[in-house]
Amino acid sequence: MSAPAPSPLEIVGVEPGQRPERQDEVLTGAALGFVAALHRRFTPRRDELLARRAEKRAEIARTSTLDFLPETAEVRAGDWRVADCPPALLDRRVEITGPTDRKMTINALNSGAKVWLADFEDASAPTWENVIGGQLNLSDAFERRIDFTDERSGKSYALRPAEELATVVVRPRGWHMDERHLECDGQPVPGALVDFGLYFFHNAQRLLDLGKGPYFYLPKTESHLEARLWNEVFGFAQEYCGIPQGTVRATVLIETITAAYEMEEILYELREHAAGLNAGRWDYLFSIVKNFRDAGSRFVLPDRNAVTMTAPFMRAYTELLVRTCHKRGAHAIGGMAAFIPSRKDAEVNEVAFEKVRADKDREARDGFDGSWVAHPDLVPVAKKSFDAVLGDRPHQKDRLREDVEVKAADLIAVDSLEARPTSEGLRNAVQVGIRYIEAWLRGLGAVAIFNLMEDAATAEISRSQIWQWINAGVVLDDGRQVTAELARQVAADELAAIRAEIGEDAFAAGRWQEAHDLLLRVALDEQYEDFLTTPAYAALRG
């Protein structure tokens, strides 16, 4: 009998005690062979596209502007539509987001939302346990073997009947992040191909048997060429696994400023597999700061909470998204309601619920077909807003929004804002940055901070604004200029406040000093780090 063929992928850097239970169920030889095939075929093109991002950024640094692409004018003028929507994705009026831990998997599926964004990206710190455990939890959920009792609380968690469960849409990691624990031919495999490949290989046919399919959210996309690469991945994966072509459906997050100028082209590249576009607020603002960080005072953003979706340049972005989607027969999905209800303060809840209601009412009136929430208690709030507009209809794609006319300059009219940076905004950026990074370094990607569910996009906009304000010489409302020294002082004060708040034992048990140091590193270094999660990943244990 011949020896089994060696695995094409090598697991590296995983200590014996870090090996997740049931890992072999995910990392089968056949699954690893599929991921290796994806890597060998598509990683070289991924690398070229990452280099192209740097070239685009250099062009923005020279010109301080962006425009719709002249070379794709025929696509924008063409008469085409995306593929018909599968029944499981017809009604997306409320979508809940969250990581793929076992408790969240059950609660999200049971939440009453139409869709669960099962997140391997910004709401998940990519420890090996989270990467492998998330795949197991999704497969277990589809097989209805995920029920469990929490040993600490004694509370039992079980799935509702199948017809009451949310449809799963998986968000893999962005193109920029590698998976450090899997190597092929001595090279790390992109995290996007690991997350997509393992999920697709194990669940595509299983989902078809359940009357659904392998559906994905694509994050951090910066151009239609990156969407084209995903489309090629989908076509290859379906052929490799014997899944009918066109089974995959993808919703692209328009959360980078460059992608906002290529929405139609992105849908066109994915048209056989496209389901819609989504408006992602914090990453979008992060992208504006990142790309225009040295373009002068007119691109300086005020406090992040002062940049609402009613700001003129944000209205231009969201209204163009709705018009683009409906023109091409795709769903337009609105942004996040991140509020976390308090069990102790009804007054805080009512104020927050009113803000959520106003936000979702506006999105529904603007023509969005659905929107995101971060907590099950917000599902009925968002549902009521969309029910009032949709009624029994699954969507409102018939609202073409032909009244919308957005010019290239409208999308980057940051100076249309009247708000200005404040000392409280600086303090909040430091507070949230430290608290989020500390949790991320402990393996938590979705973190409750000040009654809001925050993910990596929050930390990205926080540290980017500090960087921008320092380099633009911003003067705050109290007359102080934002300098590296001021940022260090605020960070030291906040670290001391956290120590006093949680006590010496909890402070020592956490990773607070590391979080403080990492925030200052990515906020103060002269060389701007493209993604906070890149150096953070190097410090992540597990």
Side-chain angles (χ1 to χ4, degrees), residues 68 75-85 89-95 114-115 117 169 217-218 221 224 227 249-268 270-271 274-281 283-285 287 307-337 356-373 382-383 385-391 393-408 410-413:
F68 301 106
V75 170
R76 296 193 297 276
D79 183 17
W80 55 269
R81 290 170 66 84
V82 303
D84 290 340
C85 185
L89 285 177
L90 268 176
D91 192 332
R92 304 177 63 175
R93 68 188 68 201
V94 186
E95 303 191 353
K114 293 292 186 180
V115 165
L117 186 157
V169 180
Y217 259 109
L218 306 181
T221 300
H224 71 285
R249 285 295 186 274
T251 304
V252 180
L253 291 111
I254 302 300
E255 56 185 355
T256 67
I257 186 61
T258 51
Y261 288 85
E262 301 182 32
M263 289 192 232
E264 291 203 66
E265 294 89 335
I266 286 168
L267 285 176
Y268 180 79
L270 285 161
R271 60 194 180 280
L277 304 177
N278 167 272
R281 176 183 176 189
D283 264 312
Y284 189 72
L285 294 176
S287 176
V307 187
T308 68
M309 299 305 287
T310 60
F313 72 101
M314 297 298 281
R315 290 286 291 162
Y317 150 62
T318 56
E319 292 199 315
L320 180 61
L321 188 148
V322 172
R323 175 170 179 164
T324 299
C325 286
H326 290 182
K327 176 182 178 182
R328 304 305 182 181
H331 278 76
I333 306 299
M336 171 71 82
V356 172
R357 276 191 287 269
D359 187 50
K360 301 310 171 190
D361 285 350
R362 175 189 51 75
E363 287 180 330
R365 289 194 305 267
D366 283 350
F368 281 98
D369 303 294
S371 192
W372 283 7
V373 299
K383 182 176 183 297
S385 294
F386 280 90
D387 286 349
V389 171
L390 297 178
R393 297 178 299 156
H395 52 72
Q396 51 180 333
K397 293 179 187 176
D398 57 326
R399 282 198 64 197
L400 299 182
R401 291 305 311 270
E402 292 176 340
D403 57 304
V404 171
E405 183 177 352
V406 174
K407 298 180 177 62
D410 296 339
L411 293 169
I412 50 175

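These numbers come from the heavy atoms of this one structure, side chains and all, not from hydrogens, waters or symmetry mates.
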Side-chain donor/acceptor of [X] to backbone N/O of [Y], under 3.5 Å:
X    : Y    : value
R315 : M309 : no
R323 : L320 : no
Y317 : I254 : yes
Y261 : A408 : yes
D91  : R93  : yes
E262 : H224 : yes

Subject >> Side-chain ion pair, K383 and D387, N-O less than 4.0 Å >> reply: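 Yes, charged N to carboxylate O under 4.0 Å.
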**OP:** Considering only NZ, NE, NH1 and NH2 on the basic side and carboxylate oxygens on the acidic side, decide whether R328 and E264 come within less than 4.0 Å.
**Re:**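 Judged by the 4.0 Å cut-off on N to carboxylate O distance, R328 and E264 do form a salt bridge.
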First locate atom [atom1] of [X], then atom [atom2] of [Y], and finally report the distance between them rounded to the nearest 0.5 Å.
X    : Y    : atom1 : atom2 : result
L218 : L270 : CG    : CG    : 6.5 Å
H326 : D369 : NE2   : CG    : 3.5 Å
T324 : M263 : OG1   : CE    : 5.0 Å
S371 : D361 : OG    : CG    : 11.0 Å
Y268 : W80  : OH    : CH2   : 8.0 Å
N278 : L321 : CG    : CG    : 7.5 Å

[X] and [Y]: which non-hydrogen atoms are nearest, and at how many Å?
X    : Y    : answer
K397 : G329 : NZ-O, 3.2 Å
G276 : A330 : CA-CB, 3.8 Å
I257 : S287 : N-OG, 2.9 Å
C325 : L267 : CA-CD1, 4.2 Å
R249 : A83  : NH2-CB, 3.7 Å
V406 : A316 : CG2-O, 3.6 Å

**OP:** Give me the ring orientation class for H331 and H395: parallel if the planes are under 30° apart, tilted from 30 to 60°, perpendicular past 60°.
**Re:**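 Rings of H331 and H395: perpendicular, as their planes differ by over 60°.
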Subject >> Stepwise salt bridge (charged side-chain N to carboxylate O under 4.0 Å, His left out) test for D410 and K407 >> reply: CA-CA 5 Å; D410 296 339; K407 298 180 177 62; 5.3 Å; no
Original post:
Quick one: do the R92 and T251 side chains pair a donor with an acceptor below 3.5 Å?
Top reply: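 The criterion, which ignores hydrogens and geometry beyond distance, is satisfied for T251 and R92.
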**OP:** Given side chain to side chain contact (heavy atoms under 4.5 Å, CB included), test F368 with I333 step by step and report yes or no.
**Re:** CA-CA 6 Å; F368 281 98; I333 306 299; 5.5 Å; no
Subject >> Positive for salt bridge (Lys or Arg N to Asp or Glu O under 4.0 Å) with E319, one of R399, R401, R362 >> reply: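 Of R399, R401, R362, salt bridge (Lys or Arg N to Asp or Glu O under 4.0 Å) with E319 is met by R401 alone.
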Subject >> Side-chain heavy-atom pair V307, Y284 within 4.5 angstrom cut-off >> reply: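 Answer no - side chains too far apart.
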Subject >> Side-chain touch T256/T221, heavy atoms, less than 4.5 angstrom >> reply: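 Side chain of T256 against side chain of T221, heavy atoms only: no contact under 4.5 Å found.
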Subject >> Candidate pair L89 and V169, rule side chain to side chain contact (heavy atoms under 4.5 Å, CB included), full reasoning >> reply: CA-CA 9 Å; L89 285 177; V169 180; 4.0 Å; yes
**OP:** Assess whether salt bridge (charged side-chain N to carboxylate O under 4.0 Å, His left out) is satisfied between R76 and E265, documenting all intermediate values.
**Re:** CA-CA 7 Å; R76 296 193 297 276; E265 294 89 335; 2.8 Å; yes
Original post:
Of the options R281, E95, E363, which is the one that meets W372 in a side chain to side chain contact (heavy atoms under 4.5 Å, CB included)?
Top reply: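 Result for side chain to side chain contact (heavy atoms under 4.5 Å, CB included) with W372: E95.
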Original post:
Hey, is NZ on K327 packed in by over 12 heavy atoms from elsewhere, all under 6.0 Å?
Top reply: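 Atom NZ in K327 is crowded, with more than 12 foreign heavy atoms closer than 6.0 Å.
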